[in-house]
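None of the values given here were measured: they were computed from a predicted structure.
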Amino acid sequence: HHEIPVDSKSESKIYQKLSLRNSYEEIRKGYNENLVRNLKKAEKKNLHIQKNFAPELLVDSFKEHQKIAAEKFNDSDYQTLLKLMQASSINAIGTCWAVQDPQKAILAAAFFIKTGNRNLYLKGFSSPEGRKQGAMHYLFDQFICENSSQDIDLDFGGTWVKNITQFFQSFGRVDCVHFPVQINRLPKALRWLQRS
């Protein structure tokens, strides 16, 4: 039993992960009906993936399209988040994907960090039009396809937000009980990454 630091607290929450050890065809069998419908919608719109999307653009678009979450943070917080993404990219453990429509409009983007045998979804955004077209569903599906049949997990992280949890659940994920130690001294942006 480890002693918990004085200025921290332990909270039980659920985090979700999806094993990518099976083939893409096997993993896709676990998708729910709503996800399959959204993927068919995205395919009809001829969406495609842009790899090596700039983290700076992801952060700017997050501020624009995820306004409720964005209001919680100041410029210093976003600089911390951006530096984390940039350092991960430089060290070849981070990857940033975006979804474009045929007119080159960016509809969604997500940043992933590979640590050990898991790919951790860090943060992302979807524009209003992207939500209509199932862009984020498409992005995760393509990421799963590219990384399937490997000895890794896709770690969706933990959240209490119902609609985000339902989004992750649509991929046939596994719920895991997690008892994190939240250090209150951490920068707000990093605490947000652990809690949101």
task: Report the C-alpha separation of Ile49 and Val99 in whole Å, then their side-chain angles, then the decisive distance to 0.1 Å, and conclude whether the side chain to side chain contact (heavy atoms under 4.5 Å, CB included) test is met.
output: CA-CA 5 Å; Ile49 297 293; Val99 178; 3.9 Å; yes
field: Candidate pair Lys123 and Phe111, rule side chain to side chain contact (heavy atoms under 4.5 Å, CB included), full reasoning
entry: CA-CA 6 Å; Lys123 279 297 167 189; Phe111 195 94; 5.7 Å; no
message: Between Tyr31 and Asp141, is the side chain to side chain donor-acceptor pair (under 3.5 Å) condition met? List the steps.
response: CA-CA 10 Å; Tyr31 289 3; Asp141 173 67; 2.9 Å; yes
- request: Could you give me the CA-CA distance, side-chain angles and deciding distance for Ser23 and Ser148, then say whether side chain to side chain contact (heavy atoms under 4.5 Å, CB included) is met?
  value: CA-CA 6 Å; Ser23 67; Ser148 61; 5.8 Å; no
query: Yes or no on side chain to side chain contact (heavy atoms under 4.5 Å, CB included) for Thr80 and Leu84, after CA distance, side-chain angles and deciding distance?
result: CA-CA 6 Å; Thr80 300; Leu84 174 62; 5.9 Å; no
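Between Ala108 and Ala135, the shortest heavy-atom contact is CB-CB, 3.8 Å. Listed here is the closest heavy atom pair of Ala42 and Gly134: CB-O, 4.1 Å. Residues Ser126 and Met136 come closest through the heavy atom pair N-CE, 4.4 Å.
Here the straight-line distance linking atom CD1 of Ile144 with atom CG of Asn22 works out to 12.0 Å at 0.5 Å rounding. Here the CE-CG distance, from Met85 to Leu58, works out to 5.0 Å after rounding to the nearest 0.5 Å. One finds the CD atom of Glu43 at 11.0 Å from the CG atom of Asn38 (value rounded to the nearest 0.5 Å). Interatomic distance, Leu81 CG to Gln86 CD, rounded to the nearest 0.5 Å: 9.5 Å. To the nearest 0.5 Å, the span separating CG on Asn147 from OG1 on Thr95 amounts to 8.5 Å. The distance from atom CD of Gln50 to atom SG of Cys96, rounded to the nearest 0.5 Å, is 9.0 Å.
Of the possible polar contacts, none joining the Asn91 side chain to the Ile93 backbone as a donor-acceptor pair under 3.5 Å is found.
Ile27 is not listed as a side-chain neighbour of Arg21, based on a closest heavy-atom distance of 4.5 Å or more. Side chains of Asp101 and Lys45 form no contact here, defined as non-hydrogen atoms less than 4.5 Å apart. Ser127 has its side chain out of reach of Ser61: every pair of non-hydrogen atoms, C-beta onward, lies at least 4.5 Å apart. Side-chain contact between Glu56 and Leu82: present, with at least one pair of heavy atoms (C-beta onward) separated by less than 4.5 Å. In this structure, Leu57 and Ile106 have side chains that are not in contact, with every pair of non-hydrogen atoms separated by 4.5 Å or more. Contact of the Leu154 side chain with the Lys17 side chain is not registered, since no non-hydrogen atoms from C-beta on lie closer than 4.5 Å. Under the 4.5 Å side-chain criterion, counting only non-hydrogen atoms from C-beta, Ile152 is in contact with Asn119. With contacts defined as side-chain heavy-atom distances shorter than 4.5 Å, the pair Arg28/Leu39 qualifies.
For an aromatic pair to be called close, the ring centres must be under 6.0 Å apart, and His137 with Phe167 satisfies this. Ring pair Phe156/Phe168: centre-to-centre distance below 6.0 Å.
The existence of a salt bridge linking Glu26 and Lys29 is confirmed by a sub-4.0 Å separation between a basic side-chain nitrogen and an acidic carboxylate oxygen. Ion pair Arg118/Asp155 flagged as a salt bridge, since at least one NZ, NE, NH1 or NH2 atom sits closer than 4.0 Å to an Asp/Glu carboxylate oxygen.
Neither Val59 nor Leu120 shares a network with the other; the hydrophobic side chains, linked directly or stepwise wherever heavy atoms of I, L, V, M, F, W or Y lie under 4.5 Å apart, form separate groups for each. By the rule that hydrophobic residues join a cluster once side-chain heavy atoms approach within less than 4.5 Å of another member, Ile113 and Phe53 end up as members of one cluster.
Ring planes of Phe171 and Phe140: tilted class, angle from 30 to 60°. Between Phe112 and Phe143, the two ring planes are parallel [angle under 30°; tilted spans 30° to 60°].
Between Gln142 and Glu146, the side chains place no donor N or O within less than 3.5 Å of an acceptor N or O (distance only, hydrogens not considered).
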